Amino acid sequence: FDPVHGSVRCGKAVIPKHANVEIQYRTDTKKVTYSKIEECRKCWVCPTCVARLGAQKKAELIELQKVINDLGLHAYMMTLTIPHSLRDRLIDLLEKLKVAQGKFIDGMRTGKLRKIFSKVGHITVLEVTYSEKSGWHPHLHILVISEQFYTDKELSNIEENLYKAWSAKCKLSGIKAPHRKYEIGR
């Protein structure tokens with residue numbers, strides 16, 4: 001149970017005053033949906049709600065990718081994560097992530113990263129997952145929009161520089177250096 005955000009019942013309990021869960025099957029999409037189940041609607045902190053929102057955002061990003069391509073621009077995806085453990089409170093992790101993110105984005109706007117990885121814009125999505133083994137895991141998916149096409153070799157060099165910059169911003173924000181797990185992708 002998360003006493004701060006109360007997301008423990010989300011997707012797992014019938015809405016009070018309703019005796020039954022309604023189940024609908026759509027033959028056209030072959031998907032099942034449920035109704036009259038509690039939803040906390042705290043999309044940034046609830047694993048159940050964030051999955052639902054994630055599916056919606058994915059569809060929006062696919063449409064955005066089409067627009068980006070039509071404009072002759074290029075999109076690159078990166079994921080920024082921070083170390084976490086079962087002992088960490090979500091509210092503390094989110095605050096640290098927010099501070100590190102601000103420093104990192106400022107560096108992309110004004111620092112040497114701007115010269116290495118030019119961008120005309122970016123879209124950031126916060127995702128929060130939870131596991132009983134590792135606890136809360138907030139992380140950022142950032143879609144970077146650029147006029148520049150980068151080769152795989154160039155992306156590898158950019159990724160190295162971004163990892164160093166993200167690690168430095170994490171340390172400045174009181175976070176241990178993150179594991180180097182993710183790469184920049186198209």
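Start at 1 with the first residue, then count along the sequence. Owing to the predicted nature of the structure, the values given are computational and were not obtained by experimental measurement.
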Is there a side-chain contact (heavy atoms from CB on, under 4.5 Å) between Val125 and Ile142? Walk through the geometry before answering.
CA-CA 6 Å; Val125 176; Ile142 302 176; over 6 Å; no
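- By the side chain to side chain contact (heavy atoms under 4.5 Å, CB included) test, Lys66 pairs with Ile62, Glu63, sequence neighbours left out.
- Distance alone, capped at 3.5 Å, is enough to place a donor-acceptor pair between the Asn161 side chain and the Asn157 backbone.
- Residues Lys30 and Arg26 fail the side-chain proximity criterion, which asks for heavy atoms closer than 4.5 Å.
- Here the OG1-CG distance, from Thr81 to Leu97, works out to 8.0 Å after rounding to the nearest 0.5 Å.
- Both Leu162 and Ile105 are assigned to one and the same hydrophobic cluster, defined by single-linkage of ILVMFWY side chains at heavy-atom distances under 4.5 Å.
- Between the NZ atom of Lys112 and the CZ atom of Phe117 there is a distance of 14.5 Å, given to the nearest 0.5 Å.
- Listed by first and then second residue, the ring-ring contact (aromatic ring centres under 6.0 Å, His included) pairs involving residues 82-112 are His84-His137, Phe104-Trp166 (not counting sequence neighbours).
- Here the side chains of Pro83 and Ile175 are in contact, with some heavy-atom distance below 4.5 Å.
- Taking NZ of Lys176 as the reference point, atom OG of Ser167 lies at 14.0 Å (rounded to 0.5 Å).
- Side-chain N/O atoms of Thr151 and Glu154 include a donor and acceptor closer than 3.5 Å.
- Cluster annotation: Leu71 is connected to Leu143 through the hydrophobic network of ILVMFWY side chains, with a link wherever side-chain heavy atoms come within less than 4.5 Å.
- Note: the hydrophobic cluster containing Leu90 also contains Tyr130 (ILVMFWY, side chain heavy atoms under 4.5 Å, direct or indirect links).
- Lys119 and Val144 make their closest contact through CB-CG1, 3.5 Å (heavy atoms, listed as atom of the first residue, atom of the second, distance).
- A salt bridge is defined here as a Lys NZ or Arg NE, NH1 or NH2 lying under 4.0 Å from an Asp or Glu carboxylate O, and Asp106 with Arg109 meets this definition.
- Thr124 and His122 make their closest contact through OG1-CD2, 3.3 Å (heavy atoms, listed as atom of the first residue, atom of the second, distance).
- Here the side chains of Ser173 and Lys103 are in contact, with some heavy-atom distance below 4.5 Å.
- Residues Leu140 and Gln101 have side chains in contact (heavy-atom distance under 4.5 Å, counting atoms from C-beta outward).
- Using modelled atom types and a 3.5 Å distance limit, the side chains of Gln148 and His74 yield no donor-acceptor pair.
- Across all their heavy atoms, Tyr76 and Phe149 have their closest contact at OH-CA, 3.2 Å.
- Side chains of His139 and Thr79: a donor-acceptor N/O pair is absent below 3.5 angstrom, by distance only.
- In terms of modelled atom types and a separation under 3.5 Å, the side chain of Ser156 and the main chain of Asp152 share no donor-acceptor contact.
- Contact between Ser134 and Ser131 at its shortest, heavy atoms only, is N-OG, 2.9 Å.
- Across all non-hydrogen atoms, the minimal contact from Leu93 to Ile82 is O-CD1, 3.8 Å.
- In terms of hydrophobic clustering, with Ile, Leu, Val, Met, Phe, Trp and Tyr side chains grouped at heavy-atom distances under 4.5 Å, Met108 and Tyr150 are assigned to a common cluster.
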One pair to check against side-chain contact (heavy atoms from CB on, under 4.5 Å): Gln65 and Leu61. What are the steps and the verdict?
CA-CA 6 Å; Gln65 181 68 50; Leu61 286 176; over 6 Å; no
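- Cluster annotation: Leu172 is not connected to Leu80 through the hydrophobic network of ILVMFWY side chains, with a link wherever side-chain heavy atoms come within less than 4.5 Å.
- The number of heavy-atom neighbours closer than 6.0 Å to CD of Glu147, taken from other residues, nucleotides and ligands shown, is 12 or below.
- Smallest separation of non-hydrogen atoms from Asp88 and Trp136: O-CD1, 4.1 Å.
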